[in-house]
Protein chains: 2
Amino acid sequence: MPIERRPLREQIRDELLRRLDRGDFSAGTDINEAALAAELGVSRTPLREALITLAGEGVLESNQGRGFRFAPVSRKEFRELCEIVAALESLALELSDPEHLRKIGPELLRLAREFPDSVAAQQDIERHDDEWHDLLLSGCPNERLLDLVTSVKAGMRRYAHLRAGDDAPLEREADEHCRVAESLIAGDLPAATRALRDNWVNGMERMMARIPE
Amino acid sequence: MPIERRPLREQIRDELLRRLDRGDFSAGTDINEAALAAELGVSRTPLREALITLAGEGVLESNQGRGFRFAPVSRKEFRELCEIVAALESLALELSDPEHLRKIGPELLRLAREFPDSVAAQQDIERHDDEWHDLLLSGCPNERLLDLVTSVKAGMRRYAHLRAGDDAPLEREADEHCRVAESLIAGDLPAATRALRDNWVNGMERMMARIPE
DNA sequence: ACTATGAATTCTGAATACAAAATAGTACAT
DNA sequence: ATGTACTATTTTGTATTCAGAATTCATAGT
């Protein structure tokens with residue numbers, strides 16, 4: 001069995017994102033490096049490396065002499081992120097092998113239909129949603145693009161926990177995913193791309209009201 | 001006068017990108033942190049922070065225990081980067097205020113026409129090209145998108161110096177820029193977007209042959 | 001001659017130490 | 001009471017040190 005040997009900075013980054021998903025950090029608050037490092041049981045060095053990475057992804061922002069803090073959320077930024085991811089995922093779809101897309105269509109449909117039945121924990125929903133999108137893009141040969149999508153989505157994690165307790169949109173989300181899957185099965189790529197864009201636009205609208213300004 | 005007070009890591013990052021433009025580093029070679037830090041007159045800490053940032057942007061890659069190295073160039077990756085930037089710039093254009101686009105149209109046209117007369121140094125050409133694209137996107141309200149474009153373009157800098165000494169394509173590049181500007185002046189956004197995409201696709205084709213495999 | 005083994009060296013990854021900037025707090029003057 | 005100057009404390013930014021992994025090199029064995 002291959003024992004995991006990854007740099008601490010990556011493990012720390014993952015842990016911070018996990019905590020972000022759980023809503024542990026409130027956006028806009030400063031990070032105390034020494035305290036956080038102690039809490040994680042590491043030194044400040046790899047922690048800072050992780051923070052710098054996250055700042056590059058837009059999860060954090062840094063000010064000279066003032067350290068890092070979780071970038072405050074805003075409707076404007078969330079809209080911006082959605083616009084970007086929608087465009088990137090559309091591109092990924094267009095670059096994918098149509099044959100492969102048709103092949104994963106049924107699986108995408110199945111996943112969309114068994115979308116957690118609203119009772120599931122928020123984290124499960126997120127994970128399920130991510131899984132669906134990952135599968136959707138699995139045929140894209142542009143590796144840089146996939147990395148980029150992952151990176152931009154990291155920036156959206158600050159918003160994920162705001163969705164908690166909002167059950168109604170879940171069905172619509174599942175519905176829209178079905179629509180995408182069906183278009184892919186039918187081999188209609190443009191329709192699938194449009195449906196995907198709609199999904200992002202609608203998802204954005206649904207979220208907007210829940211973002212405090 | 002406001003004296004510059006930026007973190008060392010940012011200054012180092014800029015300096016490394018400058019050197020990359022000059023072709024100082026040959027892609028694929030490892031970086032010796034201690035040597036480079038000494039050469040720059042800084043300690044390894046802020047240097048490593050800059051390296052990590054650049055790795056996040058795809059300029060460098062890191063392997064556990066083996067440090068950083070300039071990611072080797074490849075036709076595949078260059079194609080991928082072009083696809084991404086083309087999509088992002090197109091999106092930026094679509095999000096821009098049409099009125100503003102029409103207003104900067106003439107300036108874009110002027111800049112395109114006075115494209116350095118092939119005698120200029122390679123670096124001047126790059127700078128001029130960047131300036132043109134920056135102006136093109138200047139009306140985009142999506143700040144995250146602009147940051148992202150900058151970041152992805154950083155990854156393309158590894159390819160910039162490969163273009164050196166290739167004069168012929170310059171006129172075509174200028175030509176294509178004119179085409180975009182004219183479409184904008186005419187208020188035909190879809191045409192401008194198409195022309196811009198063409199520009200990226202053609203620019204990619206032109207470069208392909210010069211990338212060693 | 002070639003491979004394998006192991007010591008020596010070099011380099012990275014991480015922790016610690018130090019310096020400088022920012023923040024908080026206090027005394028003092030108005 | 002309010003504002004200002006000054007000190008103390010905290011926190012970041014950078015440098016240095018330490019530990020361990022990777023590489024190199026030499027040597028022994030086949």
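Numbered from 1 within each chain, the chains take letters A, B, ... in sequence-line order.
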Inset, instruction - Could you check R22(A) against E126(A) for salt bridge (Lys or Arg N to Asp or Glu O under 4.0 Å), going step by step and ending with a plain yes or no? - result: CA-CA 11 Å; R22(A) 291 209 310 263; E126(A) 299 293 345; over 6 Å; no
Legend entry - Contact state string [nucleotides 5-19 of chain C, B base, S sugar-phosphate only, - no protein heavy atom under 4.0 Å]: ------SBBSBB---
Legend entry - Rounded distance in Å - CG (L36(A)) to C1' (dT12(D)): 14 Å
Under 3.5 Å, side-chain donor or acceptor atoms of residues 86-94 of chain A against the rest of the protein: list the pairs with distances, not counting sequence neighbours.
unit_1, atom_1, unit_2, atom_2, d
E89(A), OE1, H133(A), ND1, 3.1
E89(A), OE1, W200(A), NE1, 3.0
E89(A), OE2, H133(A), ND1, 3.2
E89(A), OE2, K153(A), NZ, 2.8
S90(A), OG, A86(A), O, 2.8
S90(A), OG, R197(A), NH1, 3.4

Inset, instruction - Find out whether Y159(B) and R210(B) are in side-chain contact, i.e. whether some heavy atom of one side chain is under 4.5 Å from a heavy atom of the other. - result: no
Inset, instruction - Look at the side chain of R19(B) and the backbone N and O of F25(B), then say whether any donor-acceptor pair between them is shorter than 3.5 Å. - result: no
Inset, instruction - Can you tell me the distance, in whole Å, between the CD atom of E10(B) and the C1' atom of dT14(D)? - result: 15 Å
Legend entry - Any side-chain heavy-atom pair of P7(A) and E49(A) under 4.5 Å: no
Inset, instruction - Starting at atom CG of L47(B), determine the distance to atom P of dG13(D), rounded to an integer number of angstrom. - result: 17 Å
